[in-house]
J.: 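Below you'll find the structure I mean.
Every chain is numbered from 1, with letters handed out A, B, ... down the list of sequences. Below, all heavy atoms of this structure are taken into account, side chains as well, without hydrogens, waters or symmetry copies.
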Amino acid sequence: MEREIAKDGWSATFAPHFMSDERKTLEQRNQMTDLERLRHSAAHVLATAILRIWPEAQFAAGPPVEQGFYYDVELSHRITPEDFARIEEEMKKEIKANNVFERTVVSRAEALALAESGRLGGLSERPGNASKFKIGNLADIPEGEEISLFKNGDFLDLCAGPHVMRTGNIGAFKLTHVASAYYKGDEKNPQLQRIYGTAFKNKTQMEEYFTMVEEAKKRDHRKLGKELELFTFDEDVGPGLPLWLPNGTVLIEELEKLAKETEFAAGYDRVRTPHLARENMYLTSGHLPYYAESMFPAMELDEFKAKRAELTERRAQLHGMIIAGAKSLMVGTTIVRIHGVTSPIVGGAPKLEQVFELTDKGRAPEQLEAMVLDYKRTDEELMRLDEPDRYYLKAMNCPHHHKIFGAVPRSYRDLPLRLAEYGTCYRYEQSGELMGLMRVRSMQMNDAHIYCTEEQFEEEFRAVNEMYLKYFRIFGFEKYQMRFSTHDPAKLGQKFVDEPELWKKTEDMVRNVLIKSGINYVEVPNEAAFYGPKIDVQVWSAIGKEFTIATNQVDFAVPARFKLQYRTRDNAFETPLCIHRAPLGTHERFIGFLIEHYAGNFPLWLAPEQVSVITIGTDEPLVAYGKAIVAELRANGVRAQGDFGTDKMQGKIQQAEQRKVHTMLVLGNRDLEAGNVSVRLHGKGNVGAKKRDEAIADILSAIKERRA
RNA sequence: GCCGGUGUAGCUCAGAGGUAGAGCAGACGAUUCGUAAUCGUCAGGUCAAGGGUUCAAUUCCCUUCACCGGCUCCA
């Protein structure tokens, strides 16, 4: 697997790492780096230590990961960070013993026997405590593949390796946190305790790592968002629903400006659509029921709510009365027919919705008969009431855009039609998955849908990819990965629309564009959208979490569901292809990522506070000079403000630096006399005096050109 | 959603079964200063919410809510 080397250093250990969902092959395992071997070995040492304290522990999997290693363990004792010290003590002993990692190859039967006896993942045989997870792991090893065991000291484990030579090779390690994980990642399996740690060749490297982690935490968008007053969350508003403060709103509006300019130049038309729509549209689009659990529950508009409640109540009363009446009068007699099926009353009561019909009218008192008729009437009336009208908050903009496409007759001459909107979508993400701005429940998407013919597809798709790259150059993104997601033929008709030829055709088209454009990408099977293949751009947050920041998807299925058509040159009807694209993703995630990318030190064009004019002292002529400069900047659309108060200059500068104001113009009497301003840049310090007009012109051009 | 952790002033955090503290931010006053903080005064809290134990709970217990970490890198 290719690994990018981070240029700025902070992200080195968070470099992209693509692992397929499938079990890692032996071949891949043998490509483990030295550090990964060491960490994998540390996981075995961790298991050894845990077993010395809790011999009954059952182990599942203990691989190396991006930032260290873990081992999954089942244990009735809840391991907490308070236990770390004693576990680490035992680990140190094992490392000090400098035991060799001995590899042995065994037959499947031998391995199974060792697992049954509890020996695998144990320090000794444990009768009655079979290594159940190891048995499960064993089952995943393909027939014919070598089965190997590794042993360090008394600890014997089913393991494909590879390891370092001796436990003593683990120079430095530390347990970091404990979490939970399902065995084999399946929530139907038992939940295990996952003990995380990290390990390095030596102490110095480990210390460097922890320093870097601290640094990374400082650029976490959640921390900076608070410090710079960009956004906030409020319990009363709801989880995952960010409130954009004025500073954050500046970022949004600058991004929108960029997107609107870029899209206008690229021939997009802007549209606007409501935040919700009727149920029926989402039945057409296929979001219901398949996407339903990611959508907020429906809002029900029930014109007949009161009437419905009244009738339901009445029907329930009649039901009770009929049953009671029938029972008391004719116990054990079949007197009631329900939807044509006669059944005795005694015993189970018929269901409320069922219609009663007396079968033995001669014996039924009039009163009872009247009640049955009333019941039937009530029931029928209830059935005649219109269904309530249901509205859903939109989780995607595509259905609305499809409706716009379909709103007027389209000709091939109208294509490609590019409909763009910063549409606000709402998704009911699981509570545990929310994460600052990176995963939210309300989001504004840099969305557009391009309707085109098959012939136009390649050019359109290529142009979208170029738009990404253009944006990424502006922002100076270097560490990202294009991920091409394709379908899995085995899941046609389930996870993916059942159109094998179309899948193949569009995937080939997309792959072609990628290769022709010389774009570096990884292809991931089984990750496509249900309606077509897609390209996602993956980035990593400050603390190393992977996110999709932009997406470009092909849709050859949903336009047909909406019966979208255009008139062809030969006067026939054809369904267009649709490209869903969001190069700037959503405001929420994109800005979350930008905050971390820039560590809050935004370029001038984006900075919420672009210029602060600071006077040294409060002399009237000086303040007047400062005010004039602020006014001129603001007249030119620059977010400038003056700090003319009585604080000391150093104090004003510190305030501005802490707010990460991009440019500070410091004015003293010397500047006033010379017609100068002293320019100070955030993080760069004083860069010297300049003529006032020159300084203003520089600021304006840097903004206009969106210079980094 | 599930497992674990956390929740004290706007922010960062201290504290303890006997009724709450600091720094910064804020307000007011003084300070006239050349590139990351001058000084003083004042104000700030139902200690997340609800319930329980107790003479007494912010502290112990339970529930709820929110946030954080993990559940995706599976011998």
J.: Can you confirm whether A:K151 is buried at NZ, in the sense that more than 12 heavy atoms of other residues, nucleotides or ligands lie under 6.0 Å from that atom?
T.: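 Atom NZ in A:K151 is packed in, count exceeds 12.
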
J.: Have a look at B:rG10 and give me syn or anti from its glycosidic angle (syn if within 90° of zero).
T.: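 Because its glycosidic torsion lies more than 90° from 0, B:rG10 adopts the anti conformation.
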
J.: Taking the cut-offs as 6.0 angstrom to the six-membered ring centre and 45 degrees off its axis, would you call A:R39 and A:F69 a cation-pi pair?
T.: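 Relative to the ring axis of A:F69, which defines the angle, A:R39 lies outside at least one limit.
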
J.: Check every strand shown and say whether A:G436 touches a base, only sugar-phosphate, or nothing at a heavy-atom separation below 4.0 Å.
T.: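 The residue A:G436 makes sugar-phosphate contact but no base contact.
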
J.: Roughly how far apart, to the nearest Å, are B:rC65 and B:rG50 at atom P?
T.: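 It comes out at 15 Å once rounded to the nearest Å.
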
J.: Expressed in whole Å, how much space separates the C1' atoms belonging to B:rA66 and B:rC24?
T.: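 My reading of the C1' atoms in B:rA66 and B:rC24 gives 25 Å.
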
J.: Measure the distance from CD on A:Q430 to P on B:rA66 and round it to the nearest whole Å.
T.: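 That distance rounds to 14 Å.
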
J.: Report the C-alpha separation of A:E596 and A:M438 in whole Å, then their side-chain angles, then the decisive distance to 0.1 Å, and conclude whether the side chain to side chain contact (heavy atoms under 4.5 Å, CB included) test is met.
T.: CA-CA 11 Å; A:E596 302 193 348; A:M438 296 301 208; 4.0 Å; yes

J.: Out of B:rU32, B:rC67, B:rC71, which nucleotide sits closest to the side chain of A:E433?
T.: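 Within the option list, the nearest is B:rC71.
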
J.: Distance check, P atoms only: B:rC13 and B:rG18, in whole angstrom units.
T.: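 Result for the P pair: 25 Å, nearest Å.
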
J.: Any chance you could encode RNA chain B as dot-bracket? Rule is Watson-Crick or G-U wobble with both distances under 3.5 Å; [ ] for pairs crossing earlier ones, | for another strand.
T.: (((((((..((((....[..)))).(((((.......))))).....(((((..]....))))))))))))....

J.: Using the C1' atom on both, measure B:rG45 against B:rG15 and round to a whole Å.
T.: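 Rounded to whole Å, the distance is 14 Å.
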
J.: Tell me, with the steps shown, if A:Q58 and A:R126 meet side chain to side chain contact (heavy atoms under 4.5 Å, CB included).
T.: CA-CA 11 Å; A:Q58 281 296 345; A:R126 296 177 292 178; 3.8 Å; yes

J.: Nearest whole angstrom, please: distance from the C1' of B:rG69 to the CD of A:Q67.
T.: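 Interatomic distance, CD of A:Q67 to C1' of B:rG69: 12 Å.
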
J.: Of the candidate nucleotides B:rU32, B:rC68, B:rC3, which contains the atom at the shortest distance from the side chain of A:R222?
T.: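 Looking only at side-chain atoms, A:R222 lies closest to B:rC68.
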
J.: By a strict heavy-atom criterion of less than 4.0 Å, which residues belonging to residues 192-199 of chain A are in contact with RNA chain B?
T.: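 The stretch gives A:R194, A:Y196 as the residues lying under 4.0 Å from the strand, ordered by number.
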
J.: Pick the P atom in B:rU72 and in B:rA57, then give their distance to the nearest Å.
T.: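 Roughly 44 Å separates the two P atoms.
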
J.: For the C1' atoms, the ones on B:rG17 and on B:rC47, what distance do you get once it is rounded to whole angstrom?
T.: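 Rounded to whole Å, the distance is 15 Å.
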
J.: Would you give a per-nucleotide map of nucleotides 33-49 of chain B, 5' to 3', where B means the base has a protein non-hydrogen atom under 4.0 Å away, S means only the sugar-phosphate does, and - means neither?
T.: BBBBBB-----------

J.: Is it the case that over 12 heavy atoms from other parts of the model lie below 6.0 angstrom from the CD atom of A:E229?
T.: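 Counting neighbours around CD of A:E229, 12 or fewer heavy atoms of other residues, nucleotides or ligands fall under 6.0 Å, so no.
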
J.: Looking only at the aromatic ring of each residue, does the gap between the centers of A:F593 and A:F547 stay below 6.0 angstrom?
T.: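 Centroid distance A:F547-A:F593: not below 6.0 Å, so no.
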
J.: Roughly how far apart, to the nearest Å, are B:rG21 and B:rU59 at atom C1'?
T.: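 These two C1' atoms come out 15 Å apart once rounded.
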
J.: B:rC2, B:rC73, B:rG70: which one has an atom nearest the side-chain heavy atoms of A:A179?
T.: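 So the side chain of A:A179 is nearest to B:rG70.
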
J.: Between B:rA14 and B:rG7, how far is it from one P atom to the other, in whole Å?
T.: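 Result for the P pair: 9 Å, nearest Å.
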
J.: Are the side chains of A:E546 and A:Q481 in touch, meaning some heavy atoms are under 4.5 Å apart?
T.: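 Sidechains of A:Q481 and A:E546: no contact.
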
J.: Does A:K226 place a side-chain N or O at less than 4.0 Å from the phosphate oxygens OP1/OP2 of B:rU12?
T.: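 Checking B:rU12 against A:K226, a side-chain N or O does come within under 4.0 Å of OP1 or OP2.
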
